[in-house]
K.L.:
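I have a structure I would like to understand better, so I am pasting it below and will then ask my questions one at a time.
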Amino acid sequence: MLNFPTKRLRRLRYNPIVRDMVRETYLHKNDLIYPLFAVPGSGIKNEVRSMPNVYQMSIDVLVEECKATAALGIPAVLLFGIPEHKDEVGSDAYNEHGIVQEAVRAIKKEVKDLLVITDVCMCEYTSHGHCGIVKDGEILNDETIELLSKEAISHVQAGADIVAPSDMMDGRVAAIRKGLDNAGFTNTPIMSYAVKYSSGYYGPFRDAAESAPTFGDRRSHQMDIANADEAMREAESDIDEGADIIMVKPAGPYMDIIRRVKEKFNMPTAAYQVSGEYSMIKAAGQLGWIDEERVMMESLIGIKRAGADMILTYFAKDAAKLL
Ligand SMILES: [Zn+2]
């Protein structure tokens, strides 16, 4: 093989036009999904303390935010709800007039050309903040997936285009698929949080979604951060159960997993750049320690380069403005 001085890799880096011609990875607006938080009331826009420029919004404000999101060319939002009422069994999660159901109805009615994906989990709705039914300190699997199926059906009845189960219970994709099919929604895709790690990067999200557990943690259902082969088994089982899109969460610290999932399964693959990833870039940017815009784009292109087809990110609007 030829080598220096015949081979000079810098030749393609001198001219900016040549650099553009040989660039391998591009981020597109179409890659972005914007997560949003709905709260009861009207005229409410509360900034999340640990997430600058991220807000809890009442439905009227949320609808305007969705119009602005669509106008920027972002194709989809992911909706989380913070209910008025929490109880042991998370009843508001599958209430026809729950916060997410009402938010979906309003957005689908008022905003054209915006896909609404809903987060399907129990932790925002349970008084103990866990992702399912708790008995004697244990999160019950099979009882929980029945409720998740009800929750998903109620979201789709309200108009949700895609449902995204995030709980990491076993068998929940199959339960939701069966529930949706029986309810006549055979064409509604499931975006499964197939590989979700028990991560410290979720900290700021729990301020946003008010979903911190009152006791214990999520290690009995979310994955151990050190495991990669297990991630392949998680993704495989969700695909077998009928997931249409699989997700890896968080994104930045798990790019090896994104790459392995993409290469092994050739499925539409999403990656969630989570609250902690966002807040660290924001905070360092505010301190003047990094160039926020540049690091934001670098973080997103890195996730795309790793193999993600879609990126859920709180930077969606900021990135879309630059694209
Ligand atoms: Zn949860």
Side-chain angles (χ1 to χ4, degrees), residues 1-35 53 68-78 112-115 117 162 189 191 194-195 201 228 231-232 235 244-274 276-286 288-323:
M1 234 192 326
L2 290 174
N3 219 322
F4 181 81
T6 313
K7 188 183 235 176
R8 289 179 183 272
L9 290 167
R10 290 183 61 199
R11 272 185 210 119
L12 299 180
R13 296 181 197 142
Y14 287 103
N15 184 328
I17 300 173
V18 176
R19 285 204 298 272
D20 285 347
M21 288 169 68
V22 300
R23 183 162 301 126
E24 298 172 33
T25 307
Y26 285 89
L27 187 68
H28 303 291
K29 291 179 181 184
N30 258 334
D31 304 328
L32 303 170
I33 300 171
Y34 191 36
N53 210 26
T69 303
L72 280 168
I74 296 167
V77 294
L78 172 69
K112 300 289 160 241
D113 303 324
L114 186 72
L115 205 73
I117 307 169
I162 298 179
M191 173 192 271
V195 181
Y201 286 87
M232 301 306 113
D244 302 282
I245 300 166
I246 48 177
M247 191 200 299
V248 175
K249 180 181 181 182
Y254 298 89
M255 287 202 210
D256 57 324
I257 306 298
I258 297 170
R259 164 60 53 185
R260 278 184 65 176
V261 162
K262 184 67 191 168
E263 285 192 343
K264 187 169 165 82
F265 301 108
N266 295 311
M267 288 283 290
T269 302
Y272 199 140
Q273 182 182 52
V274 303
E277 301 177 72
Y278 172 85
S279 296
M280 289 194 306
I281 294 171
K282 273 279 174 196
Q286 285 183 355
W289 290 357
I290 58 169
D291 177 339
E292 181 188 319
E293 223 166 63
R294 190 172 166 188
V295 173
M296 164 185 81
M297 292 309 276
E298 190 172 335
S299 69
L300 295 171
I301 287 169
I303 294 164
K304 179 93 191 269
R305 194 190 60 236
D309 302 296
M310 314 158 218
I311 306 173
L312 300 106
T313 175
Y314 302 98
F315 283 124
K317 279 172 71 190
D318 296 338
K321 283 174 197 161
L322 295 174
L323 290 168

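Note that the structure is a prediction, hence the values are computed from the model and not measured.
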K.L.:
Would you say OH of Y34 has more than 12 non-hydrogen atoms from neighbouring residues, nucleotides or ligands within 6.0 angstrom?
P.N.:
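Yes, enclosed.
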
K.L.:
Which heavy-atom pair separates K262 from G307 by the least distance, and what is that distance?
P.N.:
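For K262 versus G307, the nearest heavy atoms are CD-O, 3.4 Å.
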
K.L.:
Has E292 got more than 12 heavy atoms of other residues, nucleotides or ligands less than 6.0 Å from its CD?
P.N.:
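Check passes, neighbour count above 12.
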
K.L.:
Considering non-hydrogen atoms only, spot the tightest contact between M191 and A270 and give its length.
P.N.:
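Here M191 and A270 meet closest at CE-CB, 4.2 Å.
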
K.L.:
Side chains of N53 and Y278: closer than 4.5 Å at any heavy-atom pair?
P.N.:
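With C-beta onward as the side chain, the pair touches.
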
K.L.:
Could you check whether S299 and E277, counting side-chain N and O atoms only, form a donor-acceptor pair closer than 3.5 Å?
P.N.:
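There is no such pair between these side chains.
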
K.L.:
Examine distances only and state if a side-chain atom of K29 and a backbone atom of L72 form a donor-acceptor pair shorter than 3.5 Å.
P.N.:
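A pair under 3.5 Å: yes.
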
K.L.:
I need the minimum non-hydrogen distance between I246 and A235, along with the two atoms involved.
P.N.:
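That would be CD1-CB, 4.2 Å.
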
K.L.:
Heavy-atom count check: over 12 atoms from other residues, nucleotides or ligands less than 6.0 Å from R294 CZ?
P.N.:
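Open: at most 12 neighbouring heavy atoms sit under 6.0 Å from CZ of R294.
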
K.L.:
Spell out, as yes or no, whether a donor-acceptor pair under 3.5 Å connects the side chain of K304 to the backbone of Y26.
P.N.:
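Yes, K304 side chain to Y26 backbone: donor-acceptor pair under 3.5 Å.
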
K.L.:
What I'd like to find out is whether the side chain of L323 reaches to under 4.5 Å of the side chain of M297, using heavy atoms alone.
P.N.:
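Yes, their side chains come closer than 4.5 Å.
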
K.L.:
Does a side-chain N-to-carboxylate-O contact under 4.0 Å join D20 and R23?
P.N.:
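A salt bridge links D20 with R23.
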
K.L.:
Hey, what do you get for CG (L300) to OG1 (T25), rounding to the nearest 0.5 Å?
P.N.:
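That separation rounds to 12.5 Å.
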
K.L.:
Side chains of M247 and L312: closer than 4.5 Å at any heavy-atom pair?
P.N.:
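A side-chain contact exists here, since the closest heavy-atom pair is under 4.5 Å.
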
K.L.:
Which atoms form the tightest heavy-atom contact between K264 and M232, and what is the distance?
P.N.:
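K264 and M232 have their closest heavy atoms at CD-SD, 3.9 Å.
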
K.L.:
As a quick check of understanding, evaluate side chain to side chain contact (heavy atoms under 4.5 Å, CB included) for W289 and V295, giving each step before the final call.
P.N.:
CA-CA 11 Å; W289 290 357; V295 173; over 6 Å; no

K.L.:
Rounded to the nearest 0.5 Å, what separation is found between the CD atom of Q273 and the CD1 atom of I303?
P.N.:
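Going from the CD atom of Q273 to the CD1 atom of I303 covers 4.5 Å.
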
K.L.:
Does the R259 side chain pair with the main chain of R305, one donor and one acceptor, at a distance under 3.5 Å?
P.N.:
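Indeed, once roles are kept as given, a pair shorter than 3.5 Å links the two residues.
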
K.L.:
L2 and T6: which non-hydrogen atoms are nearest, and at how many Å?
P.N.:
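Closest pair (atom of L2, atom of T6, distance): CD1-CG2, 3.8 Å.
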
K.L.:
Starting at CD1 of I117, measure out to CD1 of I245 and round the result to the nearest 0.5 Å.
P.N.:
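Separation between the atoms: 6.5 Å.
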
K.L.:
Kindly compute the distance separating CD1 (I258) from CD1 (I311), expressed to the nearest 0.5 Å.
P.N.:
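Output value for this atom pair is 8.0 Å.
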
K.L.:
Taking K249 for the side chain and V195 for the main chain, is one N or O donor matched with an acceptor at less than 3.5 Å?
P.N.:
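No, the answer is negative, given that no donor and acceptor are paired below the 3.5 Å cut-off.
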
K.L.:
Give, for atom CG of L32 and atom CZ of F315, the distance between the pair rounded to the nearest 0.5 Å.
P.N.:
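The CG atom of L32 sits 12.0 Å away from the CZ atom of F315.
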
K.L.:
Nearest 0.5 Å, please: how far is OG1 in T313 from CG in D318?
P.N.:
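Here the interatomic distance stands at 8.5 Å.
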
K.L.:
Please report the closest heavy-atom contact between M310 and P268, naming both atoms and the distance.
P.N.:
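Taking M310 first and P268 second, the nearest heavy atoms are CE-CB, 3.9 Å.
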
